[in-house]
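Counting starts at 1 for both ligands and their atoms, following the listed order.
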Amino acid sequence: MHQKDTLGELYEQVVQRNPAEPEFHQAVLEVLESLSPVIAKHPEYKEAKLLERICEPERQIIFRVPWVDDSGTVQIHRGFRVEFNSALGPYKGGLRFHPSVNLGVVKFLGFEQIFKNSLSGMPIGGGKGGSDFDPKGRSDNEIMRFCQSFMTELYRHIGEYTDVPAGDIGVGARELGFMFGQYKRLTNRYESGVLTGKGLGWGGARVRKEATGYGTVYFVREMLSAQGTNLEGKEVVVSGSGNVAIYAMEKVQQLGGTVVACSDSGGYLYDPAGIDVGLVRQIKEIERGRISDYAARRQNGSDFVAGASIWELPCQVALPCATQNELTGSDAKTLIGNGVMAVAEGANMPCTPEAVKLFRETGTLFGPAKAANAGGVATSALEMQQNASRDSWSFDYSEQRLKDIMVEIHRSCFETAEEYGRPGDYVFGANTTGFCRVADAMLAFGVI
Ligand code: NDP
C-alpha cells in the first residue's frame with residue numbers, strides 16, 4: 001500500500017494509536033489492502049469515515065481475574081473482551097485462554113470477526129475475548145475456579161442481545177459449562193443464548209463442535225469444484241490437533257481425501273496410511289493427552305517428529321488449523337515447490353502476509369480464514385436461533401444448513417472477485433463482501 005494514499009494514512013494512524021499490537025496491525029493492513037476499489041466506487045463510505053470508525057472498537061474491557069490454585073496460592077490473570085462492531089447484530093466471537101493472549105491479539109481476532117460474521121450472512125456483530133490463563137496442566141477444579149472468577153466480571157457485559165461469547169483456543173465445552181453455570185447463578189436467568197458452543201444437554205446445538213473444521217473442508221470442496229476437481233484421492237496436511245483440526249480431518253476423510261499428518265506445538269505426527277481420527281479424538285478429547293502418544297498406540301509405522309514444521313511434508317491440500325502466523329513465507333515456498341493446489345485457513349490468520357502473497361502470486365487456491373472458517377460462528381448463530389425458539393435440530397438438518405452457508409460464502413466471495421476483475425482472488429472477495437455489508441448498515445445508522 002502506498003503510504004501517501006488515504007488507506008495508507010489510515011493504516012499509519014492505526015499503528016500510532018494502537019502501539020505494540022503487531023497482530024492487530026497485520027489484520028487491519030490485510031483488510032485495507034483490499035478496499036481501494038470499493039472506496040473508489042462508494043465515495044459515501046469515505047465521507048462517513050466508515051473505515052476510521054470500523055478500525056476503532058466500540059468498547060474494550062480489561063479486567064483482573066484472581067483465583068486460588070490447588071496448592072492454595074493466589075493467582076492473578078488478565079481478562080479481555082473487545083466489543084468491536086455491532087452494526088449487524090450483537091457482538092459475537094470466542095474466548096481464548098492461552099498465555100499468548102494480550103490486547104493486540106484480542107483486537108486482531110475481534111477485527112477479523114466483524115467481516116467473517118458479516119460474510120456468514122447471519123445477524124451477528126464482531127467481538128472477541130479471553131485471558132492469558134493457560135489451562136494446560138490445570139486440574140478440573142482449578143479450571144472451574146478460574147472460569148467462575150472470569151465470569152464474575154464478564155457477566156455484566158454480555159447477554160443474548162448484547163454480546164454472545166463462544167469457545168476458541170483453550171476454551172471448549174468444559175470451560176463453557178463452568179462459565180454458563182456461573183452466569184446463570186449470578187443473573188438468576190437461564191439465558192441459553194448468552195453463550196454458544198454449549199454442551200448438548202444444556203442448550204448446545206448439534207454440529208457446533210464439528211462446524212469450523214467441517215465448514216473449512218466444505219469451503220475447500222467449493223474452491224476445488226470451481227476448478228473442476230475434488231478431494232478424492234488427494235493427500236492433505238492439517239496443522240493442529242484441537243477442535244478445528246480434528247473435525248477438518250474427519251470431513252476430509254469422509255470426502256475421500258487422505259490426511260497424512262497433523263500437529264501440536266511440540267511437533268507433527270505423520271501417518272502415511274492416513275491419520276486415524278478416532279484415535280486422535282480418543283487421546284485429545286477423552287484422555288486430554290498429547291498426539292505424541294499416537295504412534296505407540298497405532299503401531300503401523302507412523303511417527304511423531306518433535307520440533308519440526310509440518311509444512312515440510314508434500315501434499316496437495318494444506319489446512320492450517322492451529323494458530324496465527326504458523327505458516328511462513330518459507331513454508332509457503334516449500335508447499336508450492338511440493339505441488340500444493342489449495343490452502344484454506346481453518347485457524348485465524350495462520351498464514352503470514354509473505355505466505356499469502358506467495359500463494360496469490362502463484363495462483364494457488366487460497367481460502368482466507370474469514371471465509372473458510374466462518375462455518376463455526378455461523379453454526380453458533382444457528383445455536384442462538386435454536387435457543388431463542390427453544391428448539392433443537394437434528395444432526396443432518398444442522399449439517400445441511402452449514403453446507404448451504406459455506407456454499408453461499410464461497411459463491412459471494414467468488415462472484416465479488418469476478419465483479420471487480422479479480423477472478424479467483426478469495427482474499428479480495430471475502431474482504432470486500434464482508435466490509436460492504438457492515439458499511440451499509442453503519443451508513444444507515446448515521447454517525448454513532
Ligand atoms: P484448540 O485449543 O482446540 O486447539 C489448538 C491446537 O493448535 C492445539 O492442537 C495446539 O497444540 C495447536 N497449536 C497451538 N499453537 C501452536 C503452534 N504454535 N504450533 C503448532 N500447533 C499449535 O483450538 P481450536 O481448534 O478451537 O482453534 C484453532 C484455531 O482455529 C485458532 O486460530 C482459533 O482462533 C480458530 N478458530 C476456532 C474456531 C472454533 O470454533 N473453535 C472458530 C473459528 C476459528 P498444543 O496443545 O500443543 O498447544
Side-chain angles (χ1 to χ4, degrees), residues 23 27 92-101 105-106 108-113 116-117 119-120 126 128-130 133-137 165-176 196-198 204-205 207-216 219 237-249 261-269 280-281 283-285 288-294 304-311 319-328 331 344-352 367-381 383 402:
E23 293 88 356
K92 181 93 200 79
L95 297 171
R96 175 177 293 191
F97 292 169
H98 192 271
S100 64
V101 167
V105 167
V106 177
F108 120 63
L109 291 163
F111 185 74
E112 287 271 302
Q113 198 82 44
K116 176 189 312 193
N117 294 3
L119 206 49
S120 77
K128 199 83 187 189
F133 169 71
D134 187 358
K136 249 185 246 158
D168 191 77
I169 292 181
V171 179
R174 173 182 56 170
E175 291 74 17
L176 288 164
T196 61
K198 300 182 294 294
V207 186
R208 174 61 191 90
K209 186 172 64 166
E210 294 83 356
T212 309
Y214 278 19
T216 302
F219 193 85
V237 164
V238 178
S239 66
S241 50
N243 173 264
V244 179
I246 286 175
Y247 293 99
M249 292 195 275
C262 65
S263 65
D264 64 17
S265 53
Y268 71 77
L269 170 65
V280 174
R281 282 183 63 180
I283 293 172
K284 292 283 302 179
E285 288 183 350
R288 295 191 182 276
R290 310 287 300 164
I291 51 166
S292 46
D293 298 341
Y294 174 102
F304 184 78
V305 185
S309 164
I310 193 170
W311 309 119
L319 305 179
C321 295
T323 194
Q324 65 268 12
N325 292 329
E326 52 152 316
L327 195 162
T328 64
D331 295 328
E345 296 185 314
N348 284 316
M349 209 168 73
C351 299
T352 63
K370 284 182 198 78
N373 75 25
V377 75
T379 308
S380 274
E383 181 174 334
L402 168 65

What heavy-atom pair brings C321 and G346 nearest, and what distance separates the two atoms? SG-CA, 3.9 Å
Ignoring hydrogens, tell whether any protein atom lies closer than 4.0 Å to atom 10 (C) of ligand 1; use the non-hydrogen atoms only. no
For the student: nearest non-hydrogen atoms of E326 and A347, plus distance: OE2-CB, 4.2 Å
Hey, does G346 sit under 4.0 Å from ligand 1 if you only count heavy atoms? yes
Testing Q324, K116, K370 for side chain to side chain donor-acceptor pair (under 3.5 Å) with N348, which one passes? K116
Can you name the closest pair of heavy atoms from E345 and A369 and give their distance? OE1-N, 2.8 Å
Which protein non-hydrogen atom lies closest to atom 41 (N) of ligand 1, naming both residue and atom, and how far is it? N243 OD1, 3.5 Å
Nearest protein heavy-atom contact for atom 19 (N) of ligand 1: which residue, which atom, what distance? S265 CA, 3.9 Å
Among V105, V106, L109, the one residue meeting side-chain contact (heavy atoms from CB on, under 4.5 Å) with E23: V105
Could you check atom 25 (O) of ligand 1 against the protein and tell me its nearest heavy-atom contact, residue, atom and distance included? V244 N, 2.9 Å
Which one holds for C321 and ligand 1: side chain close, backbone close, both close, or neither close, with close meaning a heavy atom under 4.0 Å? backbone
Do you know which two heavy atoms are closest between S380 and A166, and how far apart they sit? OG-CB, 4.3 Å
Pair S120, N117: side-chain N/O donor-acceptor within cut-off below 3.5 Å: no
Do any heavy atoms of Q324 fall under 4.0 Å from ligand 1? no
For S241, the ligand 1 atoms whose distance to one of its heavy atoms is below 4.0 Å: 9 (O)
Is N373 close to V244 at the side-chain level, that is, under 4.5 Å between some pair of heavy atoms? no
Decide yes or no for E210 and L402: does some side-chain heavy atom of the first lie under 4.5 Å from some side-chain heavy atom of the second? no
Between ligand 1 and G170, is the shortest N or O to N or O distance under 3.5 Å? yes
Run the side chain to side chain contact (heavy atoms under 4.5 Å, CB included) test on K198 and L176 for me, step by step, so that the C-alpha distance in whole Å, both residues' side-chain angles and the decisive distance to 0.1 Å come before the verdict. CA-CA 6 Å; K198 300 182 294 294; L176 288 164; 5.5 Å; no
Indicate the atoms forming the closest heavy-atom contact of G266 with F304, along with that distance. C-CZ, 3.9 Å
What is the closest protein heavy atom to atom 40 (O) of ligand 1, and at what distance does it sit? T212 OG1, 2.7 Å
Show me which atoms of ligand 1 lie under 4.0 Å from any heavy atom of A347. 29 (C), 30 (O), 32 (O), 35 (C)
Could you go step by step and tell me if D168 and K128 meet the salt bridge (Lys or Arg N to Asp or Glu O under 4.0 Å) rule? CA-CA 9 Å; D168 191 77; K128 199 83 187 189; 3.0 Å; yes
Looking at ligand 1, does any of its N/O atoms fall within less than 3.5 Å of an N/O of K128? no
Flag R290 as yes when one of its N or O atoms lies below 3.5 Å from any N or O atom of ligand 1, and as no otherwise. yes
Among all protein non-hydrogen atoms, which one is nearest to atom 48 (O) of ligand 1, and what is the separation to 0.1 Å? K136 NZ, 2.9 Å
Quick one: does M349 get within less than 4.0 Å of ligand 1, heavy atoms only? no
Option of least heavy-atom distance to atom 4 (O) of ligand 1 (set: A372, A245, G242): G242
What's the shortest heavy-atom distance between I310 and S239, and which atoms? CG2-CB, 4.0 Å
Heavy atom to atom 5 (C) of ligand 1, shortest distance: which of A378, G240, A322, G376 holds it? A322
Rounded to the nearest 0.5 Å, what separation is found between the CZ atom of R290 and the CD1 atom of I283? 11.0 Å
Is S239 near ligand 1, meaning one of its heavy atoms is under 4.0 Å from it? no
Quick one: nearest non-hydrogen protein atom to atom 27 (O) of ligand 1, plus distance? I169 CG1, 3.6 Å
Of the backbone atoms (N, CA, C, O) and the side-chain heavy atoms from C-beta on, which set of K209 has a member under 4.0 Å from an atom of ligand 1: side chain, backbone, both, or neither? neither
Please report which non-hydrogen protein atom sits nearest to atom 16 (C) of ligand 1, along with the residue it belongs to and the distance in Å to one decimal place. T323 CG2, 3.7 Å
Could you tell me whether D168 and ligand 1 have an N or O pair separated by under 3.5 Å? yes
Can you check whether K116 has an N/O within less than 3.5 Å of an N/O in ligand 1? no
What part of E326 sits under 4.0 Å from ligand 1 if we count only heavy atoms: the side chain, the backbone, both or neither? neither
Measure the distance from atom 20 (C) of ligand 1 to every protein heavy atom, then report the residue, atom name and distance (to 0.1 Å) of the closest one. D264 O, 3.4 Å
Would you say N348 has any N or O atom under 3.5 Å from an N or O of ligand 1, going by distance alone? yes
